[in-house]
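Since the structure comes first, as structure tokens, the remarks are kept for the end.
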Amino acid sequence: MNRTVLRYSFLTNAPLLAGAAVVIGSMVLSLAWLFPLLSADATYTEMLETIPEQLRQALGVSGDQTEYFGFLTANYYNSLHLYFMMALVLLLGHRLVSKPIDDTSLNYFLNGSLPRASYLIARLVFFLLASVGIAVVSLVSMVVGQLVFDWGSPVEWRGMVVLNVNLLVLFLFLGSVVFLIRMLTKTGVEALAGSTGLVIFQYFLSMVEPLSPHLSWLRYLTVFSLFDVDRHVGNTGVFLAVVVGLTAASVVVSAISVHLFRRKDLFL
Amino acid sequence: MIKVEGLTKRFTPFQGVFEVNLEVGRGEVLGFIGPNGAGKSTTIRHLMGYLQQDAGRAEINGHDCWKEPVAAKARLGYLPGEIGFPQGISARTFLRMQGELRGHPDPTRRYELVERLRLRLDTPIGKMSKGMKQKLAIIATFMTDPEVVILDEPASGLDPLMQDELIALLVEAKRAGTTILLSSHIFEEVEAVADRISIIRDGRIVSHQTMDSVRAALRTTLRVTFTEDVAASSFPGFAVEQAGPRALVFRPRGDTGEIVTSLARHPVADVETERQSFRDYFREAYRGEAA
């Protein structure tokens, strides 16, 4: 792992990450502000209950809307946040690994004493740190939102930590797959198309799976089925197994990417 | 030193490089020339350790460029054909980063070159003109005082003043004992610094020559104008063409003394000599007519 590459990654991706942090923070705080207003009476909950249960689950609008954590999960983390994170992972993956190959600027990293493996590992470590940073921003925003707008209620620490760690390992795994796809494709456009298609298809499977009992087997084909906060909050063993499993899978996929990158023909 | 032996990379049965052999000794400059798509950049990418060869070997200072790329590039300066810079940073940050990545953090030589080429360091790279980017690329190549320099068409797009500056830098590096592989379309550049040339066409080396032998092979013609009509047949045994009733063009095969002696018997008004240019020579070499 090379510190210069890591520092360069920070310098050039800071605006994107700052933007993502602002979007996520402002979304969470906006919903936190709305929570007491919408939970003051049952109008909103009743309106949501008019939607069939399976459709609500497909849209991610599930959870106890009368308390702060459930409200945020149902109205943001099970849907919008996933879209933001999918976009961010695809964009970061493209910027960190595809763009330098396509615009030949990678040449200025590999023209001296830097091994290819060190370069890619530094990019992967940056991706990890960026993902951790986003998870921390999300967690802090949740806590601040509750302390400001839902003062007096106990902070659902466990749920918030489980949710953000679950999201972190899920998107770390998807990110490692995005890196791998670039190693297997010739151009950045092919890689972006492949990665986007795969991530959206995975999410699509997780959306349609609750729509019918006949489709329940689809949960075994999508990694998004491992994002299940209600289950993980109540079952530490399953949660830890998911965290360890996804982390190990990310490490293995990343190691394969590094191996392929060392052997890859580069037209710089 | 640079050594390429039997290097082969097939993209298709007819595209790639085939059995390429090159050798550049310490302190020597090799002009590596050929038309677009001939295989110059592919050969250089092997030297940079970017492509894995199907057969053969490329090495720098005794290190295999594919198996030991870090050792091979330890004292290397490389100017790529297509200059794509990392975006979102200033020239100053870029050069500092280059110094760190190439194990040469001392900025003395870097600032010397910046002053010499008059580059503004605080400009973000994304806002630089093409000329400024080329200056930056040249500084990045030479700032570590490399032992080996590889340049892939360095002067394409440079203005004449920058071309002169680049040639001056190459001449200085050569005097300092730097090994240089210069792939170029700018013949003046090759003529100014190269000791030898290798010509590549359709992925194969078609000629290795010293610059002295190239200079000797450049054809000279004599255009002679007379004060009265003279026929080419008046000069039997010479390669001569009628260029008008009173003008002949001689193509000497060696010493021009015999022609001058023969001309003394005729009323000569004017003699013009013309030497074939490097450009014309290489153009013929590209087509396979010379070399």
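Proteins come first, then strands; the chains are lettered A, B, ... in the order of their sequence lines, and each starts at number 1.
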For chain A, which candidate among B:Gly88, B:Pro80, B:Ala71, B:Pro86 shows the most heavy-atom pairs at distances under 4.5 Å?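 Answer, by heavy-atom pair count under 4.5 Å with chain A: B:Pro86.
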Work out which heavy atom in [X] is nearest to a heavy atom in [Y]; give both atom names and the distance.
X        : Y        : answer
A:Lys264 : B:Trp66  : O-CH2, 4.2 Å
B:Ala74  : A:Ser113 : CA-OG, 4.3 Å
B:Arg102 : A:Gly112 : CG-CA, 3.8 Å

Do B:Val70 and A:Leu114 have side chains that get closer than 4.5 Å, going by heavy atoms?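 Contact flag for B:Val70/A:Leu114 side chains = no.
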Any heavy-atom pair between the side chains of B:Thr42 and A:Phe267 that's under 4.5 Å?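 No - every pair of side-chain heavy atoms lies 4.5 Å or more apart.
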Give a yes-or-no answer on whether the side chains of B:Gln98 and A:Asn111 include a donor-acceptor pair shorter than 3.5 Å.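 The answer is yes; a qualifying pair exists.
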Between B:Tyr78 and A:Asn107, is any side-chain donor less than 3.5 angstrom from a side-chain acceptor?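 B:Tyr78 vs A:Asn107: no donor-acceptor pair found between side chains.
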Answer yes or no: does atom CD of A:Glu190 have more than 12 heavy-atom neighbours from other residues, nucleotides or ligands under 6.0 Å?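 Counting other residues, nucleotides and ligands, CD of A:Glu190 exceeds 12 neighbours.
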Give a yes or no on whether A:Tyr83 atom OH has more than 12 heavy-atom contacts from other residues, nucleotides or ligands under 6.0 Å away.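 It does: A:Tyr83 OH has more than 12 such atoms within range.
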B:Phe94 and A:Tyr108 aromatic ring geometry - parallel, tilted or perpendicular at 30°/60° bounds: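 Correct class here is perpendicular.
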So which part of A:Lys99 gets closer than 4.5 Å to some heavy atom of chain B, the side chain, the backbone, both or neither?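 Interface part for A:Lys99: side chain.
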Less than 4.5 Å to any heavy atom of chain B: does that hold for the side chain of A:Pro100, its backbone, both, or neither?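 Contact with chain B: none, neither part.
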Could you measure the distance from the CZ atom of A:Arg7 to the CZ atom of B:Arg96? Nearest 0.5 Å is fine.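 So the CZ of A:Arg7 and the CZ of B:Arg96 are separated by 6.0 Å.
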Under the side chain to side chain contact (heavy atoms under 4.5 Å, CB included) criterion, do A:Leu11 and B:Thr93 qualify, and how do the steps go? CA-CA 10 Å; A:Leu11 277 175; B:Thr93 307; 3.8 Å; yes
Looking at B:Glu100 and A:Arg3, does any basic side-chain N land under 4.0 Å from a carboxylate oxygen?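 No, this pair does not count.
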Between B:Arg45 and A:Asp265, is the closest basic N to carboxylate O distance under 4.0 Å?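 Salt bridge between A:Asp265 and B:Arg45, a charged N being under 4.0 Å from a carboxylate O: no.
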Pick from A:Thr12, A:Leu110, A:Asp103 with the largest number of heavy-atom pairs that fall under 4.5 Å of chain B: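 Option with the greatest count: A:Leu110.
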